[in-house]
Amino acid sequence: MAWKEQTFDELTTTDLYRILQLRINVFVVEQKAYYADLDDHDQNCVHVTYEKDGKLIAYARIVPPGEKFEMASFGRVIVLPEARGTGLAQELIKRVMAILERNWPEADLFIEAQAYLQKFYGAFGFEAVSEEYIMECLPHIDMVCKRKK
């Protein structure tokens with residue numbers, strides 16, 4: 001079992017393939033969300049992965065402030081179906097929040113969350129700042145976590 005935090009340049013071709021495969025399998029195949037996954041932001045993001053027994057189980061992409069949004073952000077959050085309900089998603093977000101705190105401690109955080117996860121992200125200090133809307137074929141809501149300055 002291993003957590004990894006890598007920049008795009010640190011990813012091997014195998015790492016990148018497995019990440020893209022996971023994103024497609026969950027978002028496109030499982031959730032039937034058709035969208036442009038390759039959005040030219042991966043190259044400037046931090047990629048957080050969790051692997052167990054040689055299999056990629058969880059993933060999130062951390063987006064620096066000014067890269068995609070004015071605020072720091074994260075997205076593409078995935079936990080494989082067989083690992084859901086185990087606390088792994090909470091551990092993933094805790095790790096993501098720690099990386100954001102370490103790299104951009106003053107930056108407020110912005111996410112475009114799938115609407116059904118509003119309560120989940122609320123437990124990490126995020127508050128809804130928009131009405132529900134459809135993005136990438138699914139209901140989403142904008143959420144912000146204000147950081148202490």
Pairwise distance [atom1]([X]) to [atom2]([Y]) - rounded to 0.5 angstrom:
X: L22; Y: I78; atom1: CG; atom2: CD1; result: 4.0 Å
X: I19; Y: L56; atom1: CD1; atom2: CG; result: 6.5 Å
X: D142; Y: S73; atom1: CG; atom2: OG; result: 9.5 Å
X: E131; Y: H140; atom1: CD; atom2: NE2; result: 16.0 Å
X: R102; Y: I99; atom1: CZ; atom2: CD1; result: 5.5 Å
X: Y133; Y: M135; atom1: OH; atom2: CE; result: 5.0 Å

*asked:* If the condition is ring pair (Phe, Tyr, Trp, His ring centres under 6.0 Å), which residues does Y17 pass it with, not counting sequence neighbours?
replied: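 Partners of Y17 by the ring pair (Phe, Tyr, Trp, His ring centres under 6.0 Å) criterion come out as none, since no residue qualifies.
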
Looking at [Y] and [X], is there a salt bridge between them, counting it only when a charged N and a carboxylate O are closer than 4.0 Å?
X: E101; Y: K94; answer: no
X: E51; Y: R18; answer: yes
X: D42; Y: R23; answer: yes

Closest heavy-atom pair and its distance - [X], [Y]:
X: A60; Y: V96; value: CB-CG2, 3.8 Å
X: F126; Y: M143; value: O-CE, 3.6 Å
X: A58; Y: L92; value: CB-CD2, 4.3 Å
X: L88; Y: V79; value: CD2-CG1, 4.1 Å
X: I141; Y: A115; value: CG2-CA, 4.1 Å
X: F124; Y: C145; value: O-SG, 3.9 Å

*Does CD belonging to E91 count more than 12 external heavy atoms closer than 6.0 Å?*
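Yes, the 6.0 Å shell around CD holds more than 12 heavy atoms from other groups.
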
With clusters built from Ile, Leu, Val, Met, Phe, Trp and Tyr whose side-chain heavy atoms come within less than 4.5 Å, directly or transitively, what are the remaining members of the cluster of [X], listed by chain and number?
X: L138; answer: none
X: I134; answer: none
X: V129; answer: F69, M71, F110, V144

So, does [X] use its side chain to make a donor-acceptor pair with the main chain of [Y] at under 3.5 Å?
X: R147; Y: A107; result: yes
X: R76; Y: D37; result: yes
X: Q31; Y: V28; result: no

*Applying side chain to side chain contact (heavy atoms under 4.5 Å, CB included), name anything that partners E70, two or more places apart in sequence or on another chain.*
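Expected list: none.
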
*asked:* Angle between ring planes, H47 versus F8, binned at 30° and 60°: parallel, tilted or perpendicular?
replied: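 Tilted: the ring planes of H47 and F8 meet at 30° to 60°.
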
State plainly whether one hydrophobic cluster holds both [X] and [Y], where clusters connect Ile, Leu, Val, Met, Phe, Trp and Tyr through side-chain heavy atoms under 4.5 angstrom apart.
X: I62; Y: L20; answer: yes
X: V63; Y: L117; answer: no
X: L80; Y: V77; answer: yes

Does a side-chain heavy-atom distance below 4.5 Å link [X] with [Y]?
X: I111; Y: F74; answer: yes
X: R61; Y: Y59; answer: yes
X: E136; Y: Q114; answer: no

*Determine, stepwise, if the pair K55 / E82 fulfils side-chain contact (heavy atoms from CB on, under 4.5 Å).*
CA-CA 12 Å; K55 184 175 182 180; E82 60 264 28; 2.8 Å; yes

*Pairs where residues 18-44 contributes a residue and the test ring-ring contact (aromatic ring centres under 6.0 Å, His included) is met, not counting sequence neighbours*: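 Qualifying pairs: none.
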
*asked:* Could you go through D15 and T49, starting from their C-alpha distance and side-chain angles, then the distance that decides it, and tell me whether this counts as side-chain contact (heavy atoms from CB on, under 4.5 Å)?
replied: CA-CA 9 Å; D15 291 334; T49 56; over 6 Å; no

*How about N25 and E30: does a side-chain donor come under 3.5 Å of a side-chain acceptor?*
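Note: N25 and E30 side chains miss the donor-acceptor criterion.
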
*Can the ring centres of F120 and Y116 be said to be less than 6.0 Å apart?*
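Distance test on ring centres: not under 6.0 Å, no.
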
